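Order of the sequence lines fixes the chain letters, A, B, ..., with proteins taken first and strands second; residue numbering starts at 1 for each chain. Note that these values count all heavy atoms, side chains included, but never hydrogens, waters or copies made by symmetry. All of these numbers come straight from a predicted model, not from anything done at the bench.
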Number of protein chains: 2
Amino acid sequence: MSRPPSPRPTLEEVARRAGVGRGTASRVINGGERVSARARQAVEEAIAELGYVPNSAARTLVTRRTDTIALVIAESEERIFGEPFFAGVVRGIGTALSEANLQLVLMLASSGQRSEHLDSWLGRQHVDGVLLLSLHDDDTLPDRIRARGLPMVVGGQRSGEERFGFVDVDNRLGARLAVGHLVNRGRRRVATVTGPLDMVAGRSRYEGYLSGLEDAGRTADPGLVATGDFSQAGGEAAMREILLRRPDVDGVFCANDLMAAGALRVLREAGRDVPGEVSVVGFDDAPLALSTEPPLTTVHQSPERMGREMVDLLLATLGSPDEPQEGRVLPTHLVVRGSS
Amino acid sequence: MSRPPSPRPTLEEVARRAGVGRGTASRVINGGERVSARARQAVEEAIAELGYVPNSAARTLVTRRTDTIALVIAESEERIFGEPFFAGVVRGIGTALSEANLQLVLMLASSGQRSEHLDSWLGRQHVDGVLLLSLHDDDTLPDRIRARGLPMVVGGQRSGEERFGFVDVDNRLGARLAVGHLVNRGRRRVATVTGPLDMVAGRSRYEGYLSGLEDAGRTADPGLVATGDFSQAGGEAAMREILLRRPDVDGVFCANDLMAAGALRVLREAGRDVPGEVSVVGFDDAPLALSTEPPLTTVHQSPERMGREMVDLLLATLGSPDEPQEGRVLPTHLVVRGSS
DNA sequence: GTAGCGCGTGGGAACGCTCCCACTCTCTTC
DNA sequence: GAAGAGAGTGGGAGCGTTCCCACGCGCTAC
């Protein structure tokens, strides 16, 4: 029941039991080149009998690798666990890392209080690299990680000065496509419910909205712009505001699907027919977009793919640390459904 | 730019620069008992100048501690990132661990494919203990972790045979209170929308429903029971089913708030007045309960508290590994709002 | 003046692994 | 039959810590 009878077996004991040297046992465990079939079998049996598990601290001490990658999400628990977006990214990352035989650890950098902890933990070479999912502008975390000399890839944020490797979705183009679609549907007064403008996703989708209008030779009307916070309640409030200011609105581009769902609800309550009188377009192509009434026309993006690309880029960085950091921008496309 | 100029400084170098021995430098870093003020200052300066960071692999190798705790969540990414419940638990755990100067790493045990990976990673003494959030019955993960000899606390699941330490909410009593409340309100035909019955939370809330009826001297009517999956859509479907089978239903206990929100929606569509004709009670007291129409009467539980208790129990286990494992059951209470 | 105490200190040993070099043996080649 | 190549092997060195023991020093107590 207690410890004494079974102090974890060491490689030395495995070797002794198998009747070989430590070196040979080690070779069997790692890849197993240049080992006779006989020795290999003896070692494998000894491992099984003793229930041997390599001590990774000892291994890391000499190899300087940990075979572990951290995913740091710099958001509040509430947002992390409220956004299906993260689920997709995490799944993509998890799959890709597991194919590369790397272990994922997820760290939340929510409260400021814990951030020094996180910092120093990352600094102690617990991980070989960091994937960062940060959507706010003012965050100094990327620079702090960088300063530790850890390979890193940032997701969901295009680094202006290309300081880091990054993977991002083409938010601008996506939004522009959405607005173009509304214009093509003959909508004259196209409003937008934006996301928070201190997040890259919020800002660049708004910029896309502006350039979409520009494409059509129009200029933005401030009365048709309301700021939301990516939540359904925020979308409802913003939609109400727009209806109040410009009751003649006939098209709405919402910066995500959740806000679009809120907008649909408010429009219905206000007695507007969608898509008869007003067209609504969202962004994300979240599962939710299929269950709204009517189903939501939206800009498709793939969080899962984003996760995979982040891993891919990080692995490339690990392979050749001195290459300059690349950036990847993933495509988006419009999915037309009943709301437009 | 590249590595050569700054290979991480070691403790040895810090000591040399401070003009002290390795032992003294080590003492300064850990707690710092029995060190003269002069030596301490010299060491601290050297650390700052060199930017020294202790190598945790080397430290772990000798201390056999990692100061890291894993939280394993055995659910699909979709559920994890869809349930606000997890957000609360993670926040509670995060806060409590950070107070104890321990680092949290989160691991998702979603797809079966990755589970061996997870297993062996945990076995390699990367962490000192494991917190497990598992809501399914058939999971062998607890036993596998146990077999590795890792201290562990399970949350959200009462281990029948008390094999593991656990922390759980008193689901049964909570549900019983809810049903008692409906009975007291004069409801004669009290239905329930259950959660999945292969999850402890789903099953014990259903059992609580049954004993609530028993308290009132009634027996359950199978026509008044429908099974949901803890999602809003599932709640809607189950409610429709009940309305179809028993149009005279006048009270509904839903096993969580999300399903209750779905039930409310269906009842409204069916033209039933809540709480005039039908009373509805949920479970969780999630933020959502405040924003339904009418606001939801519900059984309050605190995921954050559950997280904190899990940590507390794990720390106790780490302190005295040979004590038998305790279990803790957290209280719940009813919050009466407009829906009943 | 000597014995004793305890604080502050330095450095050897050990943690469990991988890397690498040196060694043996077998087989080929001229 | 001698020389060379190469496969398979054993074990020393070293990774960067912490732990612990032994040592020196300045006190106090007799």
[X] has an atom [atom1]; how far is it from atom [atom2] of [N], in whole Å?
X: B/Arg27; N: D/dT17; atom1: CZ; atom2: P; value: 15 Å
X: A/Gln125; N: D/dT17; atom1: CD; atom2: C1'; value: 12 Å
X: A/Ile29; N: C/dG16; atom1: CD1; atom2: P; value: 14 Å
X: A/Leu11; N: C/dC15; atom1: CG; atom2: P; value: 14 Å
X: A/Leu61; N: C/dA14; atom1: CG; atom2: P; value: 17 Å
X: A/Asn30; N: C/dC17; atom1: CG; atom2: C1'; value: 9 Å
X: B/Asp67; N: D/dT18; atom1: CG; atom2: C1'; value: 13 Å
X: B/Glu12; N: D/dC15; atom1: CD; atom2: C1'; value: 13 Å

Notebook entry, point to check: Among the nucleotides C/dC17, D/dG8, D/dG16, which one has an atom lying closest to any side-chain atom of A/Arg59?
Noted result: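 For A/Arg59, the side-chain atoms sit closest to C/dC17.
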
Note to self: From the set C/dT9, C/dG16, D/dG16, return the single nucleotide nearest to any side-chain atom of B/Thr10.
What the structure shows: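 Nearest nucleotide to the side chain: D/dG16.
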
Would one find a side-chain N or O of [X] under 4.0 angstrom from OP1 or OP2 of [N]?
X: B/Thr24; N: C/dG10; result: yes
X: B/Thr63; N: D/dT17; result: no
X: B/Ser26; N: D/dT17; result: no
X: A/Arg22; N: D/dG10; result: no
X: B/Thr60; N: D/dT17; result: no

Next item on the list: Determine whether the side chains of A/His126 and B/Ser56 contain a donor N or O and an acceptor N or O closer than 3.5 Å.
Entry: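 Per modelled atom types, A/His126 and B/Ser56 side chains form a pair under 3.5 Å.
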
Next item on the list: Take B/Arg17 and B/Leu50 through the test side chain to side chain contact (heavy atoms under 4.5 Å, CB included) and record every step on the way to the result.
Entry: CA-CA 9 Å; B/Arg17 181 165 191 129; B/Leu50 293 169; 3.6 Å; yes

Checklist line | Comparing B/Pro54 and A/Ala39 on DNA chain D - which has the more 5′ nearest nucleotide | finding: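 Final value for this comparison: A/Ala39.
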
Check: Counting only heavy atoms not in A/Glu49, do more than 12 sit closer than 6.0 Å to its CD atom?
Finding: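 More than 12 within 6.0 Å, yes.
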
Checklist line | Whichever of A/Ala57 and B/Val35 has its nearest DNA chain C nucleotide further upstream toward 5' | finding: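 In this pair, the answer is B/Val35.
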
Item checked: No-H, no-angle donor-acceptor pair, B/Arg38 side chain to C/dG8 base, under 3.5 Å ->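 In this structure, the two groups form no donor-acceptor pair.
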
Check: Under the 3.5 Å rule, do the base of D/dT9 and the side chain of A/Arg34 count as making a donor-acceptor pair?
Finding: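 Side chain to base: no pair present.
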
Next item on the list: State whether A/Arg65 and A/Asp128 are salt-bridged, where the test is any N-O pair (Lys NZ or Arg NE/NH1/NH2 against Asp/Glu carboxylate O) under 4.0 Å.
Entry: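 Judged by the 4.0 Å cut-off on N to carboxylate O distance, A/Arg65 and A/Asp128 do not form a salt bridge.
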
Check: Should B/Glu309 and B/Arg305 count as an ion pair when the cut-off is N to O under 4.0 Å?
Finding: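 Salt bridge: yes.
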
